[in-house]
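The block underneath contains the structure these notes are about, expressed in structure tokens.
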Amino acid sequence: KNFVETLIPVLTNDKKIKCFLYQAGAFSKDANDNIDTVPFILRETLGRMMGNYPMVRDNDAVIKLICGDGGADMKKVPYIITRPGGLKEDTATGTVGISDKAASTMITYEDLAKVTLEALNNEKLYGTLPFIA
């Protein structure tokens, strides 16, 4: 049982929870097992070489659970699954936002935090898997 399966009863029973946000990664597939060509190649090469492949596969499994396999209970919980690219410690640029394409450059932790908070307050993003780029 993964941590999201453990969280489902908590998420569905606590009425104070506005939205569940899961931070996956740009190498993660979407809810229909789709992934663009470049992220797929990077996931299969760099992901394996850097030892990130188990995490990528876990992200895929969590996405499937949240978007479908979690059953009726999970469908009651608003969610956003963001997929940022690589992260770096640096001064925020302020140029990062929600995107329909994977990031082609590294983004700062501060930019990621800002966009994540904005996403949580944007109900139009509930039920989506946007990239942060």
Side-chain angles (χ1 to χ4, degrees):
K1 195 172 195 180
N2 69 39
F3 81 97
V4 175
E5 289 174 303
T6 304
L7 280 177
I8 289 175
V10 175
L11 294 170
T12 56
N13 292 322
D14 189 336
K15 302 303 177 212
K16 293 182 249 168
I17 294 175
K18 179 179 176 182
C19 180
F20 175 62
L21 182 125
Y22 181 77
Q23 197 99 59
F27 296 168
S28 301
K29 295 178 180 179
D30 68 15
N32 297 314
D33 274 342
N34 297 320
I35 186 170
D36 288 342
T37 303
V38 172
F40 174 78
I41 292 169
L42 292 174
R43 135 193 197 121
E44 296 299 318
T45 56
L46 290 179
R48 290 176 190 266
M49 289 185 332
M50 295 170 55
N52 292 340
Y53 200 71
M55 179 186 66
V56 170
R57 286 192 335 221
D58 187 56
N59 284 338
D60 290 344
V62 170
I63 289 169
K64 278 186 167 245
L65 178 73
I66 292 171
C67 296
D69 296 344
D73 283 342
M74 196 60 205
K75 294 196 184 346
K76 299 175 192 172
V77 180
Y79 67 85
I80 303 171
I81 302 170
T82 57
R83 297 181 287 168
L87 301 173
K88 65 179 179 178
E89 290 193 37
D90 204 347
T91 305
T93 65
T95 61
V96 175
I98 295 297
S99 176
D100 59 351
K101 295 287 180 198
S104 59
T105 60
M106 304 280 280
I107 63 174
T108 69
Y109 288 98
E110 188 176 342
D111 282 330
L112 175 61
K114 182 177 182 258
V115 173
T116 299
L117 288 174
E118 290 171 357
L120 282 170
N121 290 311
N122 184 348
E123 292 185 12
K124 291 178 184 174
L125 293 175
Y126 290 8
T128 66
L129 290 87
F131 290 103
I132 297 180

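- Taking CG from L46 and CG from N52, the interatomic distance works out to 9.0 Å, rounded to the nearest 0.5 Å.
- Residues I8 and Y79 share a hydrophobic cluster, clusters being chains of Ile/Leu/Val/Met/Phe/Trp/Tyr side chains in contact below 4.5 Å.
- Across L125 and I80, no two heavy atoms sit closer than the pair O-CG1, 3.6 Å.
- If you chain together hydrophobic residues whose side chains sit under 4.5 Å apart, I41 and M50 never meet in one group.
- Residue G85 comes nearest to A26 through the heavy atom pair CA-CB, 3.9 Å, listed as atom of the first residue, atom of the second, then distance.
- P78 approaches Y126 most closely through the heavy-atom pair CB-CD2, 3.5 Å.
- Put simply, L129 and V77 are part of the same group of oily side chains (I, L, V, M, F, W, Y) that touch within less than 4.5 Å, one to the next.
- Residue Y53 is found outside any hydrophobic cluster, as its side-chain heavy atoms come under 4.5 Å of no other Ile, Leu, Val, Met, Phe, Trp or Tyr.
- Checked against salt bridge (Lys or Arg N to Asp or Glu O under 4.0 Å), D33 has the following partners two or more places apart in sequence or in another chain: K64.
- With sequence neighbours left out, A24 forms a side-chain contact (heavy atoms from CB on, under 4.5 Å) with Y22, S28, N59, I63, I81, R83.
- In this view, R48 and E44 satisfy the salt bridge (Lys or Arg N to Asp or Glu O under 4.0 Å) rule, not counting sequence neighbours.
- Side-chain heavy atoms closer than 4.5 Å link hydrophobic residues (I, L, V, M, F, W, Y) into clusters, and following such links, even through other members, never connects I35 to V38.
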Please step through side-chain contact (heavy atoms from CB on, under 4.5 Å) for the pair F20 and L7, ending with a clear verdict. CA-CA 10 Å; F20 175 62; L7 280 177; 4.0 Å; yes
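- The side chain to side chain donor-acceptor pair (under 3.5 Å) check on T95 picks up T93, with sequence neighbours excluded.
- Partners of N121 according to the side-chain contact (heavy atoms from CB on, under 4.5 Å) rule, which considers only residues two or more places apart in sequence or in another chain, are K18.
- Evaluation of the salt bridge (charged side-chain N to carboxylate O under 4.0 Å, His left out) test over residues 114-133, restricted to residues two or more places apart or in two chains, returns K114-E118.
- Residues satisfying the salt bridge (Lys or Arg N to Asp or Glu O under 4.0 Å) criterion with D111, sequence neighbours excluded, are absent altogether.
- Nearest heavy atoms, P39 versus F27: O-CD2, 3.9 Å.
- Listed by chain and residue number, D36 satisfy the salt bridge (Lys or Arg N to Asp or Glu O under 4.0 Å) test with K101 (two or more places apart in sequence, or in another chain).
- Residue F131 shares its hydrophobic cluster (ILVMFWY side chains chained together at separations under 4.5 Å) with no other residue.
- Checking side-chain atoms of N34 against main-chain N and O of D30 turns up no donor-acceptor pair under 3.5 Å.
- Under the 3.5 Å distance criterion, the side-chain polar atoms of Y109 are left unmatched by any main-chain donor or acceptor of A92.
- Partners of L112 by side-chain contact (heavy atoms from CB on, under 4.5 Å), not counting sequence neighbours, listed by chain and number: Q23, P84, L87, I107, T116, I132.
- Residue M55 is found outside any hydrophobic cluster, as its side-chain heavy atoms come under 4.5 Å of no other Ile, Leu, Val, Met, Phe, Trp or Tyr.
- Transitive grouping of hydrophobic side chains (ILVMFWY, heavy atoms separated by less than 4.5 Å) brings I17 and L65 into a common cluster.
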